[in-house]
Amino acid sequence: METKTAAKKSPAKKTTPAKTSAKTPAKKNAAKSLEDLFEDSLKDIYWAEKALLKALPAMMKNATSEKLKTAIDKHITETEGHVERLEECFKALGKKAQAKKCDAMQGLLDEGKSILEETEPGAVRDAGIIAAAQKVEHYEIATYGTLAAFAKVLKEEDCLKHLLSTLEEEKKCDELLTKVADTNLNSKAM
Ligand SMILES: [Fe+2]
Ligand SMILES: [Fe+2]
């Protein structure tokens, strides 16, 4: 039975269902083990952290609120540490630190850039910057949470320690941004 909403939205004409059940063929260099996937994911977030490091100064420059500027400035220093911790993870695995383009972070940073262009400087742009920054933090929290779970299963204790330290900082940064948004900006932006 179709619900009222579904009936309104979907056209009466039947369409051929997409072949979503088809298996995607793996690339030649596809990860074969959890170890491979772990290493690939580290390369991905290594690229993402470095890209973020390049993007954060522009976000800070465009912010008006002193609290927001300070929060971003603090996170630039922390992000430098995240890059270093990832290099320690590669070292612990006996691998060369290598970056692999992270499409998700690229998308988030592109969106952050357009938010700057699409907002007037001041409280509204500050609110936009916080929104963009929190999307980045949530992506990082999800990524480090997964990486830590992988490290735990793989018994990579050194990596696990580094990943959890970074995860904690990403969470704190997200909480700080929420506070800045609550106290300073959202009311002004209205
Ligand atoms: Fe980070
Ligand atoms: Fe972060």
Side-chain angles (χ1 to χ4, degrees), residues 37-93 95-116 119 125-152 154 156-186:
L37 184 60
F38 181 55
E39 198 191 328
D40 276 353
S41 309
L42 283 174
K43 289 179 185 173
D44 212 77
I45 192 69
Y46 187 51
W47 187 96
E49 291 282 18
K50 287 194 190 195
L52 179 61
L53 208 45
K54 282 187 204 151
L56 283 172
M59 285 169 106
M60 189 172 78
K61 251 185 225 162
N62 276 278
T64 312
S65 146
E66 280 310 315
K67 276 186 184 161
L68 180 54
K69 277 180 187 286
T70 309
I72 299 173
D73 192 29
K74 185 178 176 228
H75 205 53
I76 291 176
T77 311
E78 285 172 342
T79 302
E80 285 166 353
H82 301 172
V83 169
E84 282 166 22
R85 282 198 196 111
L86 287 169
E87 286 165 356
E88 287 302 317
C89 287
F90 284 111
K91 212 189 267 176
L93 294 173
K95 306 275 180 186
K96 201 178 128 216
Q98 239 182 308
K100 190 173 135 193
K101 191 183 174 192
C102 169
D103 293 328
M105 182 59 86
Q106 183 66 68
L108 289 168
L109 294 179
D110 287 345
E111 194 183 297
K113 213 172 159 194
S114 11
I115 276 182
L116 297 180
T119 48
R125 185 173 289 181
D126 282 359
I129 291 171
I130 293 178
Q134 283 194 294
K135 285 182 193 178
V136 167
E137 290 317 304
H138 287 203
Y139 175 72
E140 288 184 305
I141 290 166
T143 303
Y144 282 106
T146 302
L147 281 169
F150 285 0
K152 205 170 173 187
L154 295 169
E156 292 292 348
E157 300 303 329
D158 286 344
C159 291
L160 180 61
K161 191 185 74 193
H162 292 308
L163 295 167
L164 289 176
S165 303
T166 297
L167 177 61
E168 208 42 51
E169 282 178 2
E170 308 291 19
K171 284 182 183 170
K172 289 252 169 68
C173 174
D174 180 50
E175 281 164 21
L176 180 61
L177 288 169
T178 299
K179 257 190 220 158
V180 175
D182 284 348
T183 56
N184 258 347
L185 304 164
N186 286 346

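Whatever order the structure lists them in is the order used to number ligands and atoms, beginning at 1. Values in this document were obtained by computation on a predicted structure and should not be read as measured data.
The side-chain hydrogen bond (donor to acceptor under 3.5 Å, both in side chains) test applied to His162 returns no partner, not counting sequence neighbours.
Closer than 2.8 Å to the Fe ion (ligand 2) sit the protein N, O or S atoms His75 NE2, Glu137 OE1, Glu137 OE2, Glu140 OE1, Glu170 OE1.
Between Phe90 and Glu39, the shortest heavy-atom distance links the atoms CE2-O, 4.5 Å. Closest approach of Asp158 to Ala92, counting heavy atoms only: CB-CB, 4.0 Å.
Taking 4.0 Å as the cut-off between side-chain N and carboxylate O, Lys74 and Glu78 count as a salt-bridged pair.
Of the residues listed (Lys172, Glu169, Glu137), the one engaging His75 in a side chain to side chain donor-acceptor pair (under 3.5 Å) is Glu137, and it is the only one.
Distance alone, capped at 3.5 Å, is enough to place a donor-acceptor pair between the Gln134 side chain and the Asp174 backbone.
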